[in-house]
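Data block below; observations after.
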Amino acid sequence: MVIVIITHVPHKIFHREIFAYAPYVREMNLWFKYVNKVVLIAPKVETKPTPIEIPYKHDNILFHTINSVEFTSFKSSVISVIKIPSIIWTIFKTCKKADHIHLRCPGNIGLFGCFVQVFFPKKPKTAKYAGNWDPNGKQPFSYKLQKWILSNTFLTKNSQVLVYGDWNNQTKNIKPFFTATYSNSEIEPAEIRDYSNEIKFVFVGSLVQGKRPLFTIRIVEALKKQGKKVSLDIYGDGVLKNSLNQYVSKNKLDGFIKLHGNKEISVVKTVLKTAHFLILPSKSEGWPKAVAEAMFYGTIPVTTSVSCIPFMLNFGERGIIINPDVQSALESINKVINDSKSLKRMSKLAATWSQQYTLEVFDEEISKLLNRSY
């Protein structure tokens, strides 16, 4: 079977291997177990891989590089419009030779893939919509357009669309799905935490506006001002790194708030085994891997109510759902932070739920998706 992957994820070639964002590559390597040939259609960047990027594992990969497109300024928009015909033609001629077409959405390249797949109604297809599928969520027009095309069974035939969360009134090709990080061999009883001493908070994610890392810092800062013993470790990198460091330094918070940058999954895994809470107050999410990974080891998530998070937390039974303002967030956290019995129960429920979604279960579901097409 020849599978064609159409994605906006930037790729890098290093020592004759193709690297990309680690969680995405780990997932795709599972898909690749069931195919003879992989054809990638994706942008390429000329830099060395970072600690959060890993290589694909397959003996037969063909990489068709395309230009990335962006519409953040007038100049970039004009340049992108000029690139579009070439990108669409590359996608079209590659899909003609595919046995299975796999779209990664949302994204500009995924949008072009949505248009092109219409011309291949008989070819088996899957689309992974890794963003927020909430019908009432506020999203850019291009995201809404992709959702409309994918859920339209006249335009998108012979396809299964994998989405996060179980939403009402969906077309028959929409399939609730999930993402996994850990294997069955990594399942272990969640460590019983002591919530009566210092409370360890952790943030794992990109340091960008959408993840609200400054808001996270301000929550922990406010808890400290209330006299609570707290600490916050931040793992991740991004455009806000310098401004966050300046905020921590200016407000003399470095005694209990640390920014560690990007770290390997093994480092983060060790941290999650002992942390009390993960804070991820995102503006938008698909399947928040950091939340699922934290829950896997009994770290209680503190998150905003976006995408499928309410389902993951069972509406507050397996974690704390907060509003995106400091005072309201404090009230939600303070309601339970001194109730050790409730916190231990919440931690156990979080681990029990998350440990259902292992790589082995994920692998089995992927196999069904590909085999169902033939």
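Index from 1, following the sequence.
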Aromatic ring proximity H276/F201, centre distance under 6.0 Å
no
Side chain proximity check, R26 to I265, heavy atoms < 4.5 angstrom
yes
Going by the ring-ring contact (aromatic ring centres under 6.0 Å, His included) test, which pairs reach into residues 312-343, not counting sequence neighbours?
F311-F315
Just checking, K273 and Y297: is the charged tip under 6.0 Å from the six-membered ring centre and within 45° of the axis?
yes
Kindly indicate whether a cation-pi arrangement holds for K224 with F256, taking the cut-offs as under 6.0 Å to the six-membered ring centre and within 45° of the axis.
yes
What side-chain donor-acceptor pairs closer than 3.5 Å can you find for residues 247-254, not counting sequence neighbours?
from, atom 1, to, atom 2, distance (Å)
Y247, OH, E221, OE1, 2.7
N251, ND2, Y247, O, 2.9

Look at R104 together with E27 and state whether they make a salt bridge at an N to O cut-off of under 4.0 Å.
yes
Give a yes or no on this: more than 12 heavy atoms of other residues, nucleotides or ligands lie within 6.0 Å of atom NZ of K269.
yes
Any luck finding a side-chain donor-acceptor pair between H100 and T126 under 3.5 Å?
yes
Assign the ring pair W287 / Y357 to parallel, tilted or perpendicular, where the plane angle (0 to 90°) is split at 30° and 60°.
perpendicular
Near Q226 CD, under 6.0 Å, is it more than 12 heavy atoms from other residues, nucleotides or ligands?
yes
Apply side chain to side chain contact (heavy atoms under 4.5 Å, CB included) to F92 and list each qualifying residue two or more places apart in sequence or on a separate chain.
W89, K96, V116, F119, F120
K229 NZ: over 12 foreign heavy atoms closer than 6.0 Å
no
Starting from F215, can I reach V204 by hopping between I/L/V/M/F/W/Y residues whose side chains sit under 4.5 Å apart?
yes
Are E285 and K211 close enough for a salt bridge, meaning some N to O gap below 4.0 Å?
yes
